[in-house]
Every structure is written in C-alpha cells, then in structure tokens.
Amino acid sequence: MTDEPTTETTDRQTPRDVGGLAPATRIVALGRENPAPGAQVGAPLVLTSTFHADGPVNYARGGNPTWSAFEEALGSLEGGDALVLASGMAAVTAALSLLPHGGTVVVPDAAYNGVMATVGDLEAAGAATVRRVDVTDTAAVVAALPGADLLWLESPTNPLLEVADLPALAAAARERGVLTVVDNTFATPLLQRPLEAGVDVVVHSATKYLSGHSDVLLGAVVTAGDERGRSLHEQLRRHRQLGGGIAGPMETWLALRGLRTLHLRLERACASAADLAGRLAGHHAVTRVRYPGFGAIVSIEVTGGAAGAEGVAASTRVWVHATSLGGVESLLERRRRQPNEPEKVPEELLRLSVGIEDVDDLWRDLSAALDRLGDDA
Ligand SMILES: *Cc1c(COP(=O)(O)O)cnc(C)c1O
C-alpha cells in the first residue's frame with residue numbers, strides 16, 4: 001500500500017543554516033534547494049502524485065517538495081514545525097481533531113465565524129461541550145479551564161481585535177493539562193510567535209497575510225520542536241494524510257512566493273493602519289475605532305447603523321468592498337452581513353483590511369465615503 005501513513009513521510013531536506021539570521025532574511029532564504037552548481041534558485045513546483053519507491057515520500061498525499069519548502073519557511077518564522085493544509089478552515093479542522101470526542105473546548109465569545117460555526121455544530125451534535133469566554137478577561141478564561149481539553153484562542157480576534165494574554169493563558173492551560181491552540185492569522189509570526197509563549201498549536205489562514213495577494217486559499221498548523229510538539233505534529237500529519245483534503249502544490253508555491261515579501265507588505269500596511277486609526281478617531285461619522293496598537297486591521301463603527309455601514313462600503317473607489325483580508329489591496333466589509341457572524345459583533349461594524357497603497361489616497365477615499373454618510377444622517 002503506497003499511501004499507508006508512516007512516521008517517515010517527510011522529504012524535508014536539512015534546513016539551510018539560518019542561525020542568527022533575522023526573520024526578513026530567513027523569509028527570503030528558506031525553502032530553497034541546498035546550493036550546488038546548477039541547482040535551481042527558486043523553490044520547486046512539483047506536480048506528481050507518486051514518487052519512485054524507497055525515497056523519503058511514497059505518495060503525494062503524504063508529502064511534496066513544494067509543501068516542504070513552504071513548511072520550512074513558515075516553521076522557521078514561527079519557531080516550530082509547520083504542516084501546510086488546503087485552507088485556513090482545513091487547519092482549524094485539523095487542530096480541532098485534537099479534541100477528544102465528547103471533550104470540552106473553551107473558545108472566544110467572538111472570533112472567526114467559521115470557527116464559531118464549527119464548534120457550534122459540534123455542540124449541537126453532542127460531540128463537544130463548548131464554553132464561551134471573553135478572551136480579554138484572563139481570570140475568566142482561567143476559570144473556564146478546569147476539566148477542559150482544549151483552549152482555542154485567536155489574538156487579535158476577527159473582527160473585534162480583542163487581544164488575549166497568551167503567555168499567562170498558555171501557562172495556566174498547561175498547568176491544568178489543557179491543550180492550547182492560537183489562530184495567529186491576524187498577527188503573523190512577524191508580530192507574534194505563540195509557540196514562544198508556550199502555546200501548543202498555531203493555526204494560520206495562509207490565504208491572508210502569508211500569501212498576501214488574494215489569489216490562493218491555503219492554511220497551516222505549526223507545533224513546537226519539543227517532544228510534546230512532535231507528538232502533536234504526528235497526530236496532525238496523520239489527520240492531513242488520512243483526511244485527504246490536501247493543499248495543491250500550485251497554491252503552496254504561490255503562497256511561498258507571496259511569503260517572500262511578507263515583511264515589506266506588513267511594514268507598510270501596519271504603518272498605514274496606525275495612521276488611519278488615528279485619523280478615523282477624529283471623524284464625526286465614526287463612533288468607535290478598534291485598533292489594538294499593532295497589525296493592519298482596523299475595525300470601525302459608524303453612525304446610521306447597518307445601513308450606514310453598508311453605504312460606506314458601497315461608495316468607496318480605492319477600498320474594495322469584499323470579504324477577506326491581508327492582501328496588498330485594501331478591503332472593507334460590514335461583518336454582520338456574514339450569516340455565521342457572532343452577535344457580539346455590532347451591526348454597524350466595518351472591518352478594514354489596510355493594504356499597501358498610498359495612505360493619503362486611502363484616507364481621502366474612506367473619509368469621503370464617511371462624509372457622505374454624515375450628509376444623509
Ligand atoms: C480567514 C480566516 C480563517 C479561515 O481561513 P480560510 O483560508 O478562509 O479557510 C481562519 N481564521 C481567521 C482568523 C481568518 O481570518
């Protein structure tokens with residue numbers, strides 16, 4: 001049987017020596033072949049379903065050199081071992097597979113709506129007990145841990161931008177034998193490395209900042225290099241191989257190509273987000289600005305309720321009215337138009353994903369749309 005899972009399905013090469021190199025350098029250097037005369041400089045895009053026998057990988061549901069290239073780069077940035085998956089939700093599903101049947105999971109009372117819907121379905125099916133907590137209230141989260149199996153965190157959360165105290169919560173969870181998962185999509189490993197804070201599993205929607213160009217869906221999970229982390233890694237690898245909804249090599253290759261510029265894109269987007277958050281706070285049609293002080297997402301609440309927010313989203317020229325985030329182009333969306341969005345998210349909340357355009361163009365466009373809202377009110 002060529003596709004039987006084994007513990008040795010990786011084709012990972014010895015990573016290049018990147019000791020002492022900064023993240024920006026590792027982003028560029030990793031996921032390439034070892035230097036040798038004639039070796040390709042670019043990462044390999046390998047399209048094959050099977051491999052000659054007796055090599056490190058038998059069959060491409062278990063591994064692929066393009067996956068390994070992406071995993072090497074992302075793993076190094078997060079400080080652990082990465083597994084690429086078909087989407088962020090595939091990564092979420094993989095991480096939730098660590099929850100025993102009938103187990104108890106502690107989750108934010110508002111986070112990515114796909115996660116909220118998935119745990120809600122588990123709860124409705126009697127497959128899990130779900131405890132919902134305000135992740136900004138560390139004491140309340142800790143109080144929910146006894147008897148739980150898994151603590152699911154997202155920080156900052158989508159779209160309320162609530163920030164959890166990761167080191168404190170990871171330590172409290174470990175003390176009580178509770179596994180911790182952190183969705184690090186909004187921060188990226190350049191702004192936050194949950195494994196260093198003691199978290200067990202990092203989840204990514206690589207669709208967003210890591211790829212950065214709104215042209216692929218992809219996900220990843222990352223675990224620590226210690227014994228506990230390696231055991232989780234093996235469980236997650238088995239889930240991927242047997243679940244079978246794997247990432248395409250083309251998508252993975254595009255994501256790695258996008259990842260090469262993450263530091264540059266993020267630097268610009270974060271600077272513009274901080275600038276815009278300040279300017280938005282002074283606009284008369286904006287009733288609240290949510291911005292955690294880092295990252296490139298800003299959420300605002302506007303006058304005129306849901307209709308007011310829809311009006312703003314419909315009348316920008318530079319900002320694109322579309323769901324998703326983390327791409328080079330600035331996007332905005334009223335989140336409650338999504339059917340699974342938690343009720344804690346205000347109807348008039350617009351999530352702004354700040355891209356890499358000229359910040360003054362972004363401001364002129366958005367403030368003009370907000371001015372028009374003021375006129376109608
Ligand atoms: C988009 C998103 C996901 C889901 O990722 P997909 O790639 O769309 O499946 C998960 N978590 C967060 C925080 C997200 O923003």
Side-chain angles (χ1 to χ4, degrees), residues 70 74 78 82-97 105 107-121 135 152-164 166 181-189 191-192 194 199 201-222 240 243 245-248 250-252 254-256 258-259 262 266 269 273 290 292 294-299 322-327 329-342 344-345 349-355:
F70 178 83
L74 178 61
E78 286 286 6
L83 290 168
V84 66
L85 290 139
S87 66
M89 279 310 295
V92 166
T93 304
L96 282 174
S97 77
V105 58
V107 300
D109 54 10
Y112 179 64
N113 60 35
V115 175
M116 299 287 94
T118 301
V119 298
D121 286 355
V135 296
W152 188 280
L153 295 170
E154 192 177 287
S155 189
T157 55
N158 182 358
L160 295 179
L161 303 173
E162 293 177 328
V163 173
L166 297 186
V181 178
V182 170
D183 186 330
N184 203 27
T185 299
F186 272 36
T188 85
L191 302 182
Q192 170 172 281
V199 164
V201 181
V202 172
V203 163
H204 274 288
S205 170
T207 307
K208 314 292 171 54
Y209 290 103
L210 302 182
S211 300
H213 295 75
S214 306
D215 50 9
V216 291
L217 270 90
L218 204 75
V221 289
V222 196
R240 175 175 74 177
I246 57 167
M250 187 70 212
E251 281 74 11
T252 310
L254 280 168
L256 178 57
L259 185 68
L262 175 66
L266 207 60
R290 295 174 192 255
F294 65 100
I297 308 288
V298 180
S299 290
T323 197
S324 200
L325 57 102
E329 64 287 292
S330 294
L331 302 181
L332 85 175
E333 183 190 34
R334 186 180 75 85
R335 282 304 281 171
R336 283 295 294 278
R337 52 163 46 220
Q338 299 294 342
N340 292 319
E341 199 65 18
K344 189 180 178 186
V345 177
L349 181 142
L350 284 164
R351 185 185 65 197
L352 312 175
S353 172
V354 180

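Counting convention: from 1, in listed order, for ligands and their atoms alike.
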- Task: Can you tell me which residues line ligand 1 if we count any heavy atom under 4.0 angstrom from one of its atoms, in chain and number order?
- Result: Ser87, Gly88, Met89, Tyr112, Glu154, Asn158, Asp183, Thr185, Phe186, Ser205, Thr207, Lys208, Leu218, Leu325
- Query: For Ala220 and Ala91, which heavy atoms make the closest approach, and how far apart are they?
  - Reply: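 Minimum heavy-atom separation between Ala220 and Ala91: O-CB, 3.4 Å.
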Would you check if the side chain of [X] reaches a backbone N or O of [Y] as a donor-acceptor pair within less than 3.5 Å?
X      : Y      : answer
Ser211 : Gly258 : no
Ser155 : Ala164 : yes
Glu154 : Tyr112 : yes

- Task: Check side chain to side chain donor-acceptor pair (under 3.5 Å) between Gln192 and all other residues, then give those that pass, not counting sequence neighbours.
- Result: Asn184
- Message: Pair Glu341, Arg351 - check salt bridge (charged side-chain N to carboxylate O under 4.0 Å, His left out), show working.
- Response: CA-CA 12 Å; Glu341 199 65 18; Arg351 185 185 65 197; over 6 Å; no
